[in-house]
Amino acid sequence: MPLKIYNTLTREKSEFKPITADHVGMYVCGPTVYSDVHLGNCRTFISFDIIYRYLTYLGYKVRYIRNITDAGHLEGDRDEGDDKFSKIARLQQVEPMEIVQKYTLGFHHVMQLFNNLPPSIEPRATGHIAEQIEMTKQIIANGYAYEVDGTIYFDVEKYSKEKPYGILTNRKLEDLLEGTRELGGQDEKHGRLDFALWIKAKPEHLMQWPSPWGMGFPGWHIECSAMSEKYLGKQFDLHGGGMDLAATHHTNEIAQSEACYHTSPANYWMHTNMLTVNGVRMSKSAGNGFLPEELFTGDHPVLDRAYSPMTARFFMLQTHYRSTLDFSNEALQASEKGLRRLWDAYETLKKLVAGSRELAGDAELNAKCLKQLAEFDENMNDDFNTAKVLANMFELVPVINSIKDGLIKPDAIAASTVVLMQEKFKAYIEDIFGLKDELNLNDGKLSGVMELLIDIRKESKTKKDFATSDKIRNQLTAIGINLKDEKGGEMSWGVE
RNA sequence: GGUCCUGUAGCCGAGUGGCUAGGCAAAGCUCUGCAAAAGCUUCUACACCGGUUCGAAUCCGGUCGGGACCUCCA
């Protein structure tokens with residue numbers, strides 16, 4: 001089965017066909033760096049990281065653009081007032097770029113903790129003012145924008161006479177107007193839905209640039225249009241972001257591209273669903289934002305204790321990216337244990353020596369393994385169903401453990417099947433799902449000490465000196481190291 | 001008010017009309033000096049009411065509940 005992607009624009013899954021064979025251009029709306037990213041933001045970037053990794057795994061050469069919004073995002077709900085950076089900078093009495101720097105570094109740090117790959121290019125809005133001005137000029141020239149005292153507005157009503165403005169989220173113009181507030185008396189916009197492409201700056205405004213319309217700063221939506229065009233062209237394959245961006249931000253991006261270039265920017269629009277806490281969307285304004293830091297330290301009322309970045313990543317992988325995911329202590333606990341079980345089996349699998357037999361001793365079991373392995377790709381091709389792939393993996397975990405414990409003979413499955421299993425697990429767990437070993441047990445000194453302790457314990461067990469063997473085991477458990485007695489008298493260990 | 005999504009066992013969550021995911025928790029058994037780990041087994045669910053169908057968690061209609069977007073937010 002070829003790769004199928006659910007396209008918000010068509011509201012159905014369809015086969016993914018890139019514009020240029022073997023190449024994918026992908027744009028994802030990045031964070032606005034005026035405060036710390038919360039876990040809901042992280043979910044989106046983790047989802048697209050996995051999509052990026054999977055496209056690469058399929059052999060595509062992917063150019064992945066994820067921007068940094070460091071200007072233009074307005075405070076408040078109308079096209080007026082400050083942008084967020086200027087406001088916070090003024091409150092904290094620092095340069096706006098100090099705010100940007102602080103939270104950009106924080107964002108990168110969090111992305112690294114979650115093991116997200118960096119995008120191919122991470123453009124900043126402030127680095128592309130010229131492009132945004134150019135685009136705005138062209139939209140004016142094409143007749144879809146107008147100036148009012150140094151501010152440029154996009155004319156939605158004019159646009160919608162020629163193109164369906166609400167096409168992305170299936171909204172009619174009348175319905176949109178219905179839900180919009182009345183124009184205030186002092187409002188200078190012609191239409192209620194009109195949005196700013198360029199905003200006139202007051203003299204005291206901290207971030208402003210010269211333009212044909214005087215000093216000002218860009219609107220939020222134009223930056224993504226300008227930067228995606230610059231690095232991916234007027235039309236590219238994939239545009240992604242959180243679902244909350246579809247109705248406004250992405251709708252306006254489409255309108256801007258159509259008004260400027262007469263093309264729709266992206267062929268496939270992908271939207272990730274929200275992370276919720278007690279069923280309510282996690283967001284900065286709702287005040288229920290969960291910071292990664294709070295998760296990693298466990299310092300949050302909802303949590304009993306700390307959870308690692310990989311636990312959170314695994315937790316997200318167990319759900320489809322288009323479903324809401326509810327964040328709770330219990331769910332994280334279950335994920336932590338599930339991940340441990342999967343990872344232990346993966347470590348075991350890596351050490352399994354493929355038997356010599358090309359023919360499987362147990363044809364039925366062998367076929368079952370091959371079926372599960374084949375479904376890895378099938379399920380990912382079905383709109384990136386990571387939850388199903390994990391289920392496939394867990395079906396194979398008992399097989400792996402049984403071979404290790406001698407419950408299944410090593411040659412019950414063909415040598416080629418074992419090798420394939422090793423390759424697929426590696427590819428999926430590490431390369432595509434981006435999970436990594438957080439325990440770092442390969443520290444030489446600790447391993448040495450553990451070998452010694454295991455040796456002593458083996459000796460005392462042989463002598464039936466259980467007082468000593470239990471002492472070693474219990475003391476280690478107390479400091480968080482678990483000893484496992486395996487079949488045949490071997491012992492292994494792990495850190496809690 | 002409009003545009004949508006959603007309601008699945010104790011919890012989290014996949015689910016293409018028939019083959020009844022998976023994880024966690026719980027119980028029993030096997031293994032074990034004991035325990036843990038591991039293996040096997042059990043608990044088998046689809047909000048409610050109708051309809052279509054040989055057959056519905058899945059399709060259609062209605063009712064009730066939850067949520068998102070339409071205003072800054074991934």
Side-chain angles (χ1 to χ4, degrees), chain A residues 11 13 28-32 34-35 37-48 73-78 83-84 166 169-172 174-181 193 220 240-249 251 271-276 279-286 289 314-315 318-320 322-339 341-342 344-345 348 375 379 382 385-395 397-402 404-408 461 464 466 469-470 473-474 477 482-487 491-492 494:
Chain A
R11 285 174 292 285
K13 284 185 209 171
V28 173
C29 292
T32 302
Y34 70 98
S35 65
V37 284
H38 59 65
L39 286 166
N41 305 122
C42 293
R43 183 189 184 195
T44 295
F45 302 129
I46 289 170
S47 295
F48 284 107
H73 217 144
L74 289 168
E75 182 69 29
D77 59 355
R78 306 291 282 180
D83 74 22
K84 297 188 182 202
T169 49
N170 195 26
R171 286 169 165 91
K172 295 189 188 103
E174 307 86 74
D175 299 337
L176 284 167
L177 284 167
E178 187 93 12
T180 315
R181 272 180 255 164
L193 293 170
W220 176 35
M243 253 176 202
D244 52 343
L245 298 184
T248 308
H249 184 53
T251 291
H271 292 98
T272 55
N273 215 320
M274 300 292 108
L275 193 60
T276 62
V280 179
R281 175 186 165 187
M282 187 182 291
S283 78
K284 288 172 189 171
S285 49
F314 180 83
F315 170 66
Q318 284 183 296
T319 313
H320 193 264
R322 282 190 287 113
S323 302
T324 53
L325 175 58
D326 200 58
F327 207 72
S328 72
N329 190 63
E330 292 73 19
L332 283 165
Q333 220 162 51
S335 289
E336 187 180 77
K337 292 194 175 174
L339 173 59
R341 184 170 140 84
L342 180 67
D344 283 349
T348 302
E375 284 182 7
N379 287 328
D382 184 14
N385 199 328
T386 56
K388 273 187 141 183
V389 176
L390 284 177
N392 293 134
M393 287 184 177
F394 276 109
E395 291 281 357
V397 165
V399 177
I400 294 165
N401 287 332
S402 294
K404 178 191 166 204
D405 289 345
L407 297 168
I408 294 177
K461 274 187 73 170
K464 299 213 187 296
F466 297 123
S469 69
D470 285 356
R473 185 180 66 198
N474 295 341
T477 306
N482 288 327
L483 274 184
K484 295 177 194 170
D485 291 350
E486 293 172 358
K487 300 273 193 308
M491 295 174 198
S492 63

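Sequence lines set the chain letters: A, B, ... in the order given, protein chains first and strands last, and positions in each chain run from 1.
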J.: Just by modelled atom types, is the N482(A) backbone N or O under 3.5 Å from a matching donor or acceptor in the T477(A) side chain?
T.: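 Judged by distance alone, no pair lies under 3.5 Å.
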
J.: Categorize L275(A) for me: base, sugar-phosphate, or nothing, with a 4.0 angstrom heavy-atom threshold over every strand shown.
T.: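 Here L275(A) touches the bases of the nucleic acid.
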
J.: Quick test of your reading of the model: are K388(A) and D382(A) salt-bridged, counting only N-O distances below 4.0 Å?
T.: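 D382(A) and K388(A): not salt-bridged.
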
J.: Report the nucleotide, chosen from rA14(B), rG22(B), rA35(B), that has the shortest atom-to-atom distance to any side-chain atom of D485(A).
T.: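 Nearest listed nucleotide: rA35(B).
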
J.: Does S323(A) or L390(A) map to a spot on RNA chain B nearer the 5' end, using the closest nucleotide for each?
T.: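 The residue whose closest nucleotide sits nearer the 5' end is S323(A).
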
J.: Measure from the side-chain heavy atoms of K484(A) and tell me the nearest of rC24(B), rA37(B), rG39(B).
T.: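 My answer, after comparing the listed nucleotides, is rA37(B).
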
J.: Looking across every strand, which nucleic acid part, if any, lies under 4.0 Å from K464(A) by heavy atom: base, sugar-phosphate, or nothing?
T.: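 Nothing: the residue K464(A), judged by heavy atoms under 4.0 Å, touches no strand.
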
J.: Paired with rG18(B): which nucleotide, if any, by Watson-Crick or G-U wobble criteria at under 3.5 Å for both distances?
T.: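 Checking every strand shown, rG18(B) finds its partner in rC54(B), with both distances under 3.5 Å.
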
J.: Return the value, rounded to whole Å, for the distance between atom CD of Q318(A) and atom P of rC12(B).
T.: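 Q318(A) atom CD is separated from rC12(B) atom P by 13 Å.
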
J.: Quick check against the 3.5 Å criterion: does N385(A) have a side-chain atom that pairs as donor or acceptor with the backbone of N379(A)?
T.: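 It does not hold such a pair.
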
J.: Between rU8(B) and rG67(B), how far apart are the two P atoms, rounded to whole Å?
T.: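 My reading of the P atoms in rU8(B) and rG67(B) gives 14 Å.
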
J.: Between rG33(B), rC12(B), rG2(B), which one does the side chain of K461(A) approach most closely?
T.: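 So the side chain of K461(A) is nearest to rG33(B).
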
J.: In terms of side-chain heavy atoms of R341(A), which of rC70(B), rC24(B), rA36(B) is nearest?
T.: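 Nearest nucleotide to the side chain: rC24(B).
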
J.: Please give the distance between the C1' atoms of rC4(B) and rA21(B) as a whole number of Å.
T.: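 The same atom, C1', in both gives a distance of 27 Å.
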
J.: Looking at rG65(B), which nucleotide sits across from it as a Watson-Crick or G-U wobble partner, both distances under 3.5 angstrom, or is there none?
T.: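 By the stated definition (distances under 3.5 Å), rU6(B) pairs with rG65(B).
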
J.: L325(A) side chain: which of rA74(B), rG22(B), rG13(B) is closest?
T.: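 My answer, after comparing the listed nucleotides, is rG13(B).
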
J.: Assign M243(A) to base, sugar-phosphate, or nothing according to its heavy-atom contacts below 4.0 angstrom with the strands shown.
T.: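 Contact class for M243(A): none.
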
J.: From rG23(B), rC12(B), rA14(B), pick the nucleotide closest to the side chain of T319(A)?
T.: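 Shortest atom-to-atom distance from the side chain points to rA14(B).
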
J.: Touch check for A387(A), heavy atoms < 4.0 angstrom, all strands: base, sugar-phosphate only, or nothing?
T.: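 Result for A387(A) = base.
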
J.: Which whole-number value in Å describes the distance from E486(A) CD to rU32(B) C1'?
T.: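 Checked: the CD to C1' distance equals 13 Å.
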
J.: Counting distance alone, no hydrogens or angles: does the base of rG33(B) have a donor or acceptor under 3.5 Å from a partner atom on the side chain of D470(A)?
T.: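 Checked by distance alone, the answer is yes.
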
J.: At 4.0 Å (heavy atoms only), tell me whether N385(A) reaches a base, stays on the sugar-phosphate, or touches nothing.
T.: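 Sugar-phosphate: the residue N385(A), judged by heavy atoms under 4.0 Å, touches backbone atoms but no base.
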
J.: For A345(A) versus I400(A), what's the shortest heavy-atom pair and its separation?
T.: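 For A345(A) versus I400(A), the nearest heavy atoms are O-CG2, 3.5 Å.
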
J.: Considering only side-chain heavy atoms of N41(A), which listed nucleotide, rA74(B), rG23(B), rA21(B), is closest?
T.: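 The nucleotide sitting nearest to the side chain is rA74(B).
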
J.: Taking any heavy-atom pair under 4.0 Å as a contact, classify S335(A): base, sugar-phosphate, or nothing.
T.: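 It contacts nothing in the nucleic acid.
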
J.: rU3(B) P sits how many Å from K172(A) NZ, rounded?
T.: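 Distance, rounded to whole Å: 6 Å.
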
J.: On a whole-Å scale, what distance lies between the P atoms belonging to rC11(B) and rA47(B)?
T.: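 Roughly 14 Å separates the two P atoms.
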
J.: Which pair of non-hydrogen atoms, one from S283(A) and one from H38(A), has the smallest distance, and what is that distance?
T.: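 Heavy atoms of S283(A) and H38(A) come nearest at CA-NE2, 3.9 Å.
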
J.: Work out how far the C1' atom of rC64(B) is from that of rG55(B), and round it to whole angstrom.
T.: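 Result for the C1' pair: 28 Å, nearest Å.
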
J.: Look at all strands and tell whether R171(A) reaches a base, only sugar-phosphate, or nothing, counting heavy atoms closer than 4.0 Å.
T.: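 Base, at least one base atom sits under 4.0 Å.
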
J.: Kindly indicate whether the side chain of N482(A) and the base of rA37(B) share any N or O donor-acceptor pair separated by less than 3.5 Å?
T.: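 For N482(A), whose side chain was compared with the base of rA37(B), there is no donor-acceptor pair (under 3.5 Å).
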
J.: Give a yes/no answer on whether the side chain of T324(A) brings an N or O atom under 4.0 Å of OP1 or OP2 in rA68(B).
T.: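 Negative; the distance criterion is not met.
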
J.: Hey, is the side chain of R473(A) pairing donor to acceptor with the base of rC34(B) inside 3.5 Å?
T.: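 Present.
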
J.: What's the shortest heavy-atom distance between R43(A) and L275(A), and which atoms?
T.: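 Scanning both residues, the minimum pair turns out to be NH1-N, 4.2 Å.
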
J.: Heavy atoms under 4.0 Å, any strand shown: does F394(A) hit a base, just sugar-phosphate, or nothing?
T.: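 Sugar-phosphate, no base atom in range.
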
J.: Report the distance from atom CD of E395(A) to atom P of rU20(B), rounded to the nearest whole Å.
T.: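 About 11 Å, once rounded to whole Å.
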
J.: Does rA45(B) have a Watson-Crick or wobble mate here (both distances under 3.5 Å), and if so which one?
T.: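 With both distances under 3.5 Å required, rA45(B) matches none.
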
J.: Say you pick atom C1' in rC46(B) and the same atom in rA36(B); how far apart are they, in whole Å?
T.: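 rC46(B) and rA36(B) have their C1' atoms separated by 36 Å.
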
J.: How long is the straight-line distance from CG of L390(A) back to CZ of F314(A), given to the nearest 0.5 Å?
T.: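 The CG atom of L390(A) is 5.0 Å from CZ of F314(A), to the nearest 0.5 Å.
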
J.: Partner lookup for rU32(B), please. Criteria are Watson-Crick or G-U wobble with both distances under 3.5 angstrom; report none if nothing qualifies.
T.: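 When the pairing criteria are applied, nothing turns out to pair with rU32(B), so the answer is none.
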
J.: In terms of side-chain heavy atoms of D244(A), which of rG23(B), rC24(B), rA74(B) is nearest?
T.: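 So the nucleotide nearest the side chain must be rA74(B).
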
J.: Using a heavy-atom cut-off of under 4.0 Å over every strand shown, decide if M282(A) touches base, sugar-phosphate, or nothing.
T.: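 Answer is base: heavy atoms of M282(A) come under 4.0 Å of a base.
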
J.: Mind checking G241(A) for me? I need base, sugar-phosphate or nothing, with any heavy atom below 4.0 Å counting as a touch.
T.: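 Counting heavy atoms under 4.0 Å across all strands, the contact made by G241(A) is with sugar-phosphate only.
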
J.: Using atom CG of N392(A) as one end and atom C1' of rG22(B) as the other, report the distance to the nearest whole Å.
T.: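 In whole Å, rG22(B) C1' and N392(A) CG are 9 Å from each other.
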
J.: Reading RNA chain B from 5' onward, which residue's closest nucleotide shows up sooner: V280(A) or P31(A)?
T.: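 Its nearest nucleotide being more 5', the pick is V280(A).
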
J.: Could you check whether A331(A) gets within reach of a base, just the sugar-phosphate, or nothing at all, counting any heavy atom under 4.0 Å?
T.: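 Contact class for A331(A): sugar-phosphate only.
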
J.: Separation of R322(A) atom CZ from rU6(B) atom P, in whole Å?
T.: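 For the pair R322(A) CZ and rU6(B) P, the rounded distance is 9 Å.
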
J.: Looking only at the side chain of H38(A) (C-beta and beyond, no hydrogens), which of the listed nucleotides rA74(B), rG39(B), rC4(B) gets closest?
T.: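 Of all the options, the side chain of H38(A) is nearest to rA74(B).
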
J.: Are D344(A) and K404(A) ion-paired here, with the side-chain N under 4.0 Å from a carboxylate O?
T.: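 No, no charged N to carboxylate O under 4.0 Å.
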
J.: Can you find a pair of side-chain heavy atoms, one from L245(A) and one from C29(A), that are under 4.5 Å apart?
T.: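 When only atoms from C-beta onward are counted, C29(A) and L245(A) do touch, with a gap below 4.5 Å.
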
J.: May I ask you to say what Q333(A) touches in the nucleic acid, namely base, sugar-phosphate or nothing, with a heavy-atom cut-off under 4.0 Å?
T.: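 Answer is nothing: Q333(A) stays at 4.0 Å or more from every strand.
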
J.: Rounded to the Å, how far apart are E336(A) CD and rC12(B) P?
T.: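 From E336(A) CD to rC12(B) P: 18 Å.
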
J.: Using the C1' atom on both, measure rU42(B) against rA35(B) and round to a whole Å.
T.: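 Comparing C1' positions in rU42(B) and rA35(B) gives a spacing of 23 Å.
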
J.: In whole angstroms, how far is the P atom of rA68(B) from the CZ atom of R11(A)?
T.: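 Spelled out: CZ on R11(A) to P on rA68(B) is 21 Å.
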
J.: Mind checking the C1' distance from rU16(B) to rA74(B)? Whole angstroms is fine.
T.: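 It works out to 29 Å between them.
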
J.: From the options rC34(B), rG39(B), rA14(B), select the nucleotide whose nearest atom is closest to the side chain of N401(A).
T.: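 Per side-chain heavy atoms of N401(A), the pick is rG39(B).
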
J.: Under 4.0 Å, heavy atoms only, any strand: does H320(A) hit a base, just the sugar-phosphate, or nothing?
T.: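 If one applies the 4.0 Å heavy-atom cut-off, H320(A) turns out to touch the sugar-phosphate alone, with no base involved.
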
J.: I'd like the P distance from rG50(B) over to rA37(B), given in whole Å.
T.: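 Pairwise P distance, rA37(B) against rG50(B), rounds to 47 Å.
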
J.: So how far is it from R322(A) CZ to S47(A) OG, rounded to the nearest 0.5 Å?
T.: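 These two atoms lie 11.5 Å from each other.
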
